[in-house]
Each structure stands twice: as C-alpha cells, then as structure tokens.
*Asks:* 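Dropping a structure here in structure tokens format, bear with me for questions.
Proteins get letters first, then strands, A, B, ... in listed order; numbering begins at 1 in each. Predicted model only: the values in this text are computed from it and were never measured. Note: hydrogens, waters and symmetry copies are ignored here, and every other heavy atom, side chains too, is used.
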Amino acid sequence: MFKKILIANRGEIAIRVARACKELGICTIGIYSTIDKKSLHLRFMDEIEWIGDSPPLSSYLNIDAIIKAAKQTKCDAIHPGYGFLAENELFAKACEDNGITFVGPNSNTLNLVADKVASRNTVKKVSVPIIPGMEMTCTDLNKFKQAAKEVGYPVMIKASMGGGGKGMRVVHNEKDLGKSIAISQREALSSFGDDSIYLEKYIEQPHHIEFQVLRDNHGNCIHLFERECSIQRRHQKIIEETPSPVLNDKLRIEMGEASKKVIEASNYTTAGTVEFLLDKNKKFYFLEVNARIQVEHPITEMITGIDLVRQQILIAAGEKLSLRQEHIKQNGHAIETRIYAEDPDNNFVPSPGKILYLSEPQGPGIRVDSGIYQDWNVPPHYDPILSKLIIWAENRDLCIKRTTETLKNYIILGIKTNIGYLKRIIKSPSFCRGNYDTHFIDEHEEKLLPKQEKLDIALIAGALSKQVGFAKSAINFQKVSTIKSTPWQEIGKWEICGQ
Amino acid sequence: MEYKFNFLEQVHKINLEKTDDLFKVIINDKQEYNISDVEVESNLISFKAEDKIYNIYCYSDKDKTHLSIDGENYILEKDKTSKTKTGEQQKGNSVFSPMPGLLVKVPVSVGDEVKSGITLAIVEAMKMQNELPSPRDGIVKKINGKEGEQVDALQVIVELE
C-alpha cells in the first residue's frame with residue numbers, strides 16, 4: 001500500500017480524497033496556489049506544498065510544479081481528483097516517468113478514451129451500440145453531407161477531443177451544415193488544440209445515463225449501477241440521482257453489462273464511468289468514458305454502501321478487487337445537488353466573495369461534501385463549486401422531500417448561490433414525476449425564475465433585525481460589563497496552611 | 001419607526017410600530033402584519049407573523065441585510081435615496097427604547113401637546129445618549145417608567161393619544 005499520496009486538487013474533492021487516504025493509513029500531501037493559502041482542504045492534509053500563483057495554469061494545471069512537489073515530499077502516488085489534470089495523459093505520463101503511481105488509468109488508456117472517434121470504433125467492435133454516424137474525422141464537406149443524409153437530420157457535429165459541450169453543434173438541415181462545421185472546428189481548435197470533428201445522429205429528448213465501473217489490474221470488473229444525469233445546464237450536470245426513474249431492470253442489466261464490455265475493451269483500470277444516451281424509445285447508445293472519479297460519485301456510494309475513492313486507491317496500489325457483481329445491490333434512492341457560487345437570477349454569473357454566514361444542514365440521510373467555511377473568501381480563479389449536498393432516503397418520493405427540506409436549511413449568506421434554484425428544480429412537477437430529459441432546464445427556464453414569495457417576510461425580518469439588532473449588541477455589552485467575579489476570587493486571599 | 005430597503009432596484013417602505021408585546025408592520029402603506037414573539041440571537045431572527053413562526057438567518061452589514069428564507073436568499077440594500085436619519089421617522093403612536101439602558105429624562109408629562117420631532121425621552125447606553133423624538137403631532141397619553149430607571153430594549157416609554 002502507498003505511504004504518501006499527493007492530492008493534486010482543491011476544494012471538496014481534495015477533502016473527500018484525503019478522508020479515504022487517512023482511513024487507509026496513508027499520509028496526505030496537499031497542494032495550494034497563492035490565493036488558496038487559507039482554503040479548507042489544507043486542514044485535512046499532513047503536509048502542504050505551495051505550487052504556484054493563483055491562476056490555474058500556474059498552479060493546479062502546472063504539471064512540473066506538482067511532480068516536483070510530489071518528489072520533494074517523497075510521495076509514491078498522486079490522486080488527481082476531478083477536473084484540472086484528472087484526465088490529462090501528459091500528467092499521467094509524467095507520473096509514470098517519475099516512478100509515481102497515478103491513481104487512475106494509464107496514459108495510453110487515457111489517450112484512447114479521450115479520443116471520441118477512436119473509442120467509438122473500440123466500442124463498436126464489442127457490439128455495444130453507438131450513435132449512428134461517421135467512423136473517422138474529416139474536413140470534406142461532401143462527406144459530411146453524405147453522412148448526414150445517411151443518418152437523417154437533425155445531426156450533431158462534435159469535436160473528437162471534445163468535452164463540456166465545446167465544439168458541439170446541432171444541425172437541422174443541409175443548408176446550415178457548412179457554417180456549423182466551420183464554427184465547430186474553430187471552437188475545437190481553441191478549446192482542445194485539435195480541430196478534428198465528426199458527425200453523428202442527433203438524439204432527440206435524450207436521457208443522460210452513466211454507469212459506475214471498477215476494474216482492477218487483474219481483469220476483475222464490476223459495475224455499480226447507473227446515475228441519471230439529465231438535469232444539465234449548458235451540458236454541465238447540476239442534479240444527479242440514482243436509480244434512474246426511467247430504467248427498468250432488464251435495461252439496467254443490459255446497460256450494466258455493456259458498460260463492463262466498454263471498460264474491458266479499452267483495457268481501462270481503477271474507477272471509471274461509462275456514459276450513455278437513452279432515446280425516447282429507450283434505445284441506448286454509448287457516448288464516452290469518463291476516466292476519473294466523478295463529481296456525482298457520492299450518490300452511488302449512498303445506495304451501494306461502497307467507498308469508491310477507497311476502491312480506486314486500492315486498485316491503483318495493485319490490489320485485487322474483493323467485490324463481486326452479485327454483491328452489489330441498489331438500496332434506496334439518492335440525489336445530489338451541486339451548490340455553486342453563481343447567480344441563477346442574473347444569467348448565472350459567478351459570485352466569488354466572502355461567506356459572511358454559513359450553516360450547513362444535518363440530519364438522517366444527509367451528506368454534505370463541502371469545501372467552504374464561514375469568513376472564507378471564495379476565490380474568483382476556479383470552478384464555482386462550493387459543495388455537494390447528497391441525500392439518501394428509502395424511496396424516490398421521500399428523497400425528493402428530504403432534499404427540498406434540506407436545501408431550505410443550507411444557509412450561505414454573503415455570496416450568491418444556486419440553492420434556491422436547485423430547490424425550484426427539485427420541487428417542479430416534471431422532476432417529481434421523474435419525467436425529464438436533458439432539455440429540462442431550457443424548457444423550464446421561465447418556471448424556474450424566483451417568485452419572491454416571501455419578500456414581505458424578508459422585509460419584516462430586515463426591519464426587525466435593524467431595530468432589535470442594535471438593541472442586542474447593547475445587551476451583549478452590558479453582559480460583559482456586569483460579569484460577576486468567580487467564587488475563587490470571592491473567597492479572597494489564599495494562604496498555604498500547615499507547618 | 002420607518003425603514004426603507006432597496007430590493008431589485010425597487011424601494012420598499014416598512015413601518016414598524018410597537019404596541020405592548022406586538023409589532024404592527026405596514027409594508028408599502030398597504031400590506032399589514034401583526035408580529036409577535038420576536039427573538040434575535042446572533043444571526044437568527046425568529047418571529048410569529050399571522051400565526052406562522054419564521055426562523056430566518058440573517059447577516060447585516062453597513063449597506064446590506066442578507067437573509068435566507070426557505071432556501072431563497074434575499075439581499076435588502078440600504079435605501080440611499082432617503083436622507084432622513086433613523087429615529088426621526090417614527091410615525092406610530094409610541095416611542096420605545098431601541099436598546100436597554102438608563103432612562104435619563106422624560107421632558108414631557110401626560111396631557112402635554114407635542115409636535116412631531118420633539119424629544120419625548122432620552123435613554124443612555126454605552127455612554128451614548130439617545131434622544132427619542134415624537135413620531136407625530138399629538139397628546140401624551142401615558143408614560144411608562146421613571147427617570148433614573150433601567151429600560152429594556154423595545155420597551156414603550158411614551159404613548160400618544
């Protein structure tokens with residue numbers, strides 16, 4: 001087993017990984033940028049190393065600085081968390097070259113799964129359905145026209161090395177094809193440094209469903225069921241749940257087996273996620289492999305009872321998977337809501353700044369993976385994720401109610417957050433019915449606006465706080481000034497008696 | 001007491017009037033509420049409005065009051081358009097002490113005719129004297145408390161007819 005792991009990340013995920021390390025008896029090395037000197041994750045580390053200035057390129061994306069810190073502190077492994085360098089094959093390669101274990105798949109596998117066209121072809125060989133479309137990237141407009149005609153409009157143009165919706169374009173007719181190809185190429189080049197694009201059929205009203213998988217270096221592979229991630233804004237997930245309200249047992253088994261095939265065909269190891277699209281006729285298609293521990297991993301942990309980060313580290317250390325497929329059961333229901341520092345009522349602009357007051361919820365079935373504290377300044381340099389609220393309950397209805405009530409008790413004052421917005425989504429009739437697809441946010445934009453139902457109450461509270469608040473501070477002053485002396489002082493002078 | 005807040009670029013006016021254990025609140029000269037059981041404890045303010053109890057987290061700084069109600073945040077900004085000082089805008093039927101302290105002086109007697117803005121009582125706390133002005137023209141109906149006595153926060157000192 002590893003002795004020391006460097007956690008190449010910040011915020012809640014760095015803390016999550018540190019917890020797993022400590023339970024395994026592994027020393028944790030934290031890294032930080034200049035502005036993160038007072039960040040919460042550092043309090044969970046045995047040693048900390050400064051790795052650069054605040055901008056991500058100088059710090060959390062700075063491969064040389066991180067490798068140097070790992071060598072200096074004599075780490076035998078690096079856990080990348082999610083985002084930043086988590087799926088960067090150069091980083092994995094740098095670890096390999098320096099004799100440090102990268103907690104994740106090897107650099108070759110990372111390269112394969114990052115290339116969408118290559119992984120489509122790998123997956124096709126093991127007869128897992130892929131979205132109909134081109135088998136290789138190209139630049140010839142006529143080939144695009146031909147492929148679009150074969151699969152039928154609407155079609156989707158995608159960047160081969162893409163992710164996060166960049167370089168993606170939906171095209172409804174041949175007239176718009178040329179223009180969309182040009183835009184996609186430009187976006188792909190600027191975002192991924194590679195302008196190769198391809199075309200596939202656009203799936204209408206799709207569900208985004210992914211399967212969690214674990215595979216060790218000895219060929220043992222299991223899946224830990226699905227996560228429904230169709231609540232997305234601009235291709236970014238914001239709410240996830242498991243089990244999916246749209247899967248039946250037959251489909252669940254089929255997709256679970258398909259995800260294992262994908263992982264085996266890619267020779268993928270440690271923890272990974274296989275993403276699928278499910279169309280309105282409940283036909284599923286392979287989308288991509290996410291080669292990291294995902295933001296939404298806790299909902300799987302809640303319903304299976306398995307610590308995924310622990311398993312990921314054990315596998316990276318070369319241990320054999322002790323879990324068997326038949327032992328993995330789905331127990332109850334879990335929902336994750338991502339708490340972001342952003343203003344949903346003002347076009348989701350980021351809202352960094354000081355947290356003036358914080359009260360995080362607690363109670364049965366409530367898990368808060370948080371990276372914040374009161375009086376901390378949320379820096380403007382990084383992803384706006386503050387924490388994740390993960391709720392477990394016996395069934396979906398109860399889980400929705402518990403999530404709603406818990407969001408009401410998640411108090412963050414001083415910066416704008418999306419807590420109210422998340423509550424409005426969870427309470428919406430379509431979500432409650434389980435009747436939603438990836439277009440939910442766009443279709444419900446109007447309905448999700450704040451209604452300011454409690455404005456009068458807010459005004460009353462505001463006036464009362466002004467009125468009584470001053471009075472209270474005066475009371476506190478009085479209390480301090482009238483403190484009575486202690487009994488020890490009242491006894492008077494002490495003298496040692498005896499001889 | 002009158003307060004003005006800016007919320008989403010709209011000014012809201014709140015009249016707060018204390019009668020015994022109750023606050024009568026009028027919002028924008030329209031909506032009326034009866035408020036009781038007011039408790040303020042560091043960042044938590046609780047009160048009963050029309051038979052419903054509210055527990056509201058809040059943080060006030062110089063210009064803003066941040067509140068969280070049922071998962072929705074409200075930021076009330078100090079209204080910068082109004083130039084009048086707090087304490088000069090009492091429109092109700094009584095004056096009360098905004099803080100616990102010593103009742104230094106009550107320069108009026110029951111039956112006196114008073115003009116709006118005239119000092120009805122002086123309360124001292126933290127070495128500061130606070131003059132409590134009359135909210136309106138009227139006649140002094142009742143005086144609660146004597147000079148030299150301690151008064152509680154929100155205790156009504158002078159009532160007008």
Side-chain angles (χ1 to χ4, degrees), chain A residues 337 343-346 351 354-359 361 374 403-424 426-427 450-481, chain B residues 1-5 7-8 10 12-16 18 23 25 27-28 31 33 35 38-47 49 52 54-61 64-78 86 96-101 125-126 128 150 152-154:
Chain A
T337 46
D343 185 2
D345 310 332
N346 186 15
S351 176
K354 191 172 178 180
I355 297 172
L356 299 173
Y357 183 78
L358 176 69
S359 172
Q374 187 170 309
T403 304
T404 311
E405 289 309 310
T406 310
L407 282 168
K408 288 184 189 172
N409 288 308
Y410 205 141
I411 320 289
I412 302 173
L413 298 178
I415 54 169
K416 300 269 174 66
T417 74
N418 64 339
I419 291 174
Y421 183 74
L422 292 167
K423 193 198 73 183
R424 282 172 250 149
I426 299 280
K427 279 179 81 177
K451 292 187 192 77
Q452 267 99 40
E453 284 162 333
K454 298 273 162 67
L455 178 58
D456 278 8
I457 296 300
L459 293 168
I460 293 169
L464 285 173
S465 78
K466 288 271 176 252
Q467 177 95 40
V468 188
F470 177 69
K472 278 284 169 183
S473 60
I475 288 174
N476 290 338
F477 173 78
Q478 215 173 33
K479 271 184 193 156
V480 173
S481 61
Chain B
M1 198 82 94
E2 184 181 290
Y3 295 93
K4 276 184 181 172
F5 292 115
F7 181 72
L8 300 178
Q10 272 199 326
H12 297 269
K13 194 171 85 179
I14 301 101
N15 275 298
L16 209 69
K18 177 117 194 318
F23 279 98
V25 177
I27 295 172
N28 295 327
Q31 206 62 41
Y33 292 91
I35 308 293
V38 179
E39 288 288 340
V40 180
E41 212 46 73
S42 61
N43 292 95
L44 182 66
I45 176 157
S46 358
F47 58 86
K52 195 172 182 300
Y54 292 91
N55 290 299
I56 295 168
Y57 287 89
C58 78
Y59 184 98
S60 286
D61 52 29
K64 287 178 186 164
T65 301
H66 305 258
L67 300 144
S68 170
I69 306 173
D70 284 352
E72 302 283 350
N73 279 15
Y74 294 82
I75 299 173
L76 307 178
E77 286 174 64
K78 191 174 161 188
T86 348
F96 50 91
S97 174
M99 59 205 170
M126 298 167 81
M128 295 263 286
Q150 280 288 321
D152 289 333
L154 307 177

*Asks:* Less than 4.5 Å apart, side chain to side chain, heavy atoms only: is that true for Asp70(B) and Lys423(A)?
*Replies:*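 Yes, close enough: below the 4.5 Å cut-off.
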*Asks:* For the backbone of Lys454(A) and the side chain of Tyr74(B), can you confirm whether one donor and one acceptor N or O come within less than 3.5 Å of each other?
*Replies:*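 Side chain of Tyr74(B) to backbone of Lys454(A): a pair is present.
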*Asks:* When rounded to the nearest 0.5 angstrom, what distance separates CD in Gln10(B) from CG in Leu455(A)?
*Replies:*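 Interatomic distance, Gln10(B) CD to Leu455(A) CG, rounded to 0.5 Å: 9.0 Å.
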*Asks:* Do you know which of Leu8(B), Ile45(B), Asn28(B) has the most heavy-atom pairs with chain A at a distance under 4.5 angstrom?
*Replies:*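 Between Leu8(B), Ile45(B), Asn28(B), the count favours Ile45(B).
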*Asks:* May I ask you to test the Gln467(A)-Val38(B) pair for a side-chain heavy-atom distance under 4.5 Å?
*Replies:*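 Side chain of Gln467(A) against side chain of Val38(B), heavy atoms only: no contact under 4.5 Å found.
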*Asks:* Roughly how far, to the nearest 0.5 Å, is SG of Cys58(B) from CD1 of Ile411(A)?
*Replies:*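 Nearest 0.5 Å value for the CD1-SG distance: 11.0 Å.
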*Asks:* Ignoring hydrogens, what is the shortest heavy-atom contact between Ile419(A) and Gly71(B)? Give both atom names and the distance.
*Replies:*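 Residues Ile419(A) and Gly71(B), closest heavy atoms: CG2-O, 3.7 Å.
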*Asks:* Which heavy atom of Gly462(A) sits nearest a heavy atom of Leu76(B), and at what distance?
*Replies:*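 The answer is CA-CD1, 3.9 Å.
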*Asks:* What verdict does the side-chain contact (heavy atoms from CB on, under 4.5 Å) test give for Ile457(A) and Lys52(B), after you've listed the backbone C-alpha separation in whole Å, the side-chain angles of each residue and the deciding distance to 0.1 Å?
*Replies:* CA-CA 11 Å; Ile457(A) 296 300; Lys52(B) 195 172 182 300; over 6 Å; no
*Asks:* Measuring only between side-chain heavy atoms, which start at C-beta, is Lys466(A) closer than 4.5 Å to Phe5(B)?
*Replies:*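 Yes, side chains in contact.
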*Asks:* Ignoring hydrogens, what is the shortest heavy-atom contact between Leu67(B) and Ala461(A)? Give both atom names and the distance.
*Replies:*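 Result for this residue pair: CD2-CB, 3.8 Å.
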*Asks:* Tell me which of these, Ile69(B), Val25(B), Ile35(B), has more heavy-atom pairs under 4.5 Å with chain A than the rest.
*Replies:*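 If we count pairs closer than 4.5 Å to chain A, Ile69(B) comes out on top.
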*Asks:* Given a strict heavy-atom distance threshold of 4.5 Å, which part of Tyr54(B) is in contact with chain A: side chain, backbone, both, or neither?
*Replies:*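 For Tyr54(B), the side chain is the part near chain A, not the backbone.
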*Asks:* Could you measure the distance from the OH atom of Tyr410(A) to the OG atom of Ser68(B)? Nearest 0.5 Å is fine.
*Replies:*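 Spacing of OH (Tyr410(A)) from OG (Ser68(B)) equals 12.0 Å.
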*Asks:* Let me know if Leu407(A) has heavy atoms under 4.5 Å from chain B in its side chain, its backbone, both or neither.
*Replies:*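 The backbone, not the side chain.
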*Asks:* Treating Asn73(B) as the side-chain partner and Ile412(A) as the backbone partner, does any N or O pair qualify as donor plus acceptor under 3.5 Å?
*Replies:*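 Looks like yes, one N/O pair under 3.5 Å.
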*Asks:* Sort out for me which residue in Lys408(A), Arg424(A), Lys416(A) forms a salt bridge (charged side-chain N to carboxylate O under 4.0 Å, His left out) with Glu72(B).
*Replies:*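 Output: one option passes, namely Arg424(A).
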*Asks:* To the nearest 0.5 Å, what is the distance between CG (Leu413(A)) and OH (Tyr57(B))?
*Replies:*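 Leu413(A) CG to Tyr57(B) OH: 10.0 Å, rounded to 0.5 Å.
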*Asks:* Which region of Phe7(B), side chain (C-beta onward) or backbone (N, CA, C, O), has a non-hydrogen atom less than 4.5 Å from a non-hydrogen atom of chain A, or is it both or neither?
*Replies:*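 For Phe7(B), side-chain heavy atoms alone lie under 4.5 Å from chain A.
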*Asks:* With chain A as the partner, which of Ile56(B), Thr65(B), Ile27(B) has the greatest number of non-hydrogen pairs under 4.5 Å?
*Replies:*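 Counting heavy-atom pairs under 4.5 Å, the top option is Ile27(B).
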*Asks:* State the CD1-CZ distance between Ile460(A) and Phe23(B), to the nearest 0.5 angstrom.
*Replies:*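 It is 11.5 Å, given to the nearest 0.5 Å.
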*Asks:* Which atoms of Asp61(B) are under 4.5 Å from chain A, going by heavy atoms: the side chain, the backbone, both sets, or neither?
*Replies:*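 Contact with chain A involves both backbone and side-chain atoms of Asp61(B).
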*Asks:* Select one option (side chain, backbone, both, neither) describing which atoms of Glu453(A) are under 4.5 Å from chain B's heavy atoms.
*Replies:*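 It is the backbone, since no side chain atom gets that close.
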*Asks:* Quick one: pull up NZ in Lys64(B) and CG in Leu356(A) and give me the separation to the nearest 0.5 Å.
*Replies:*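 It comes to 9.5 Å.
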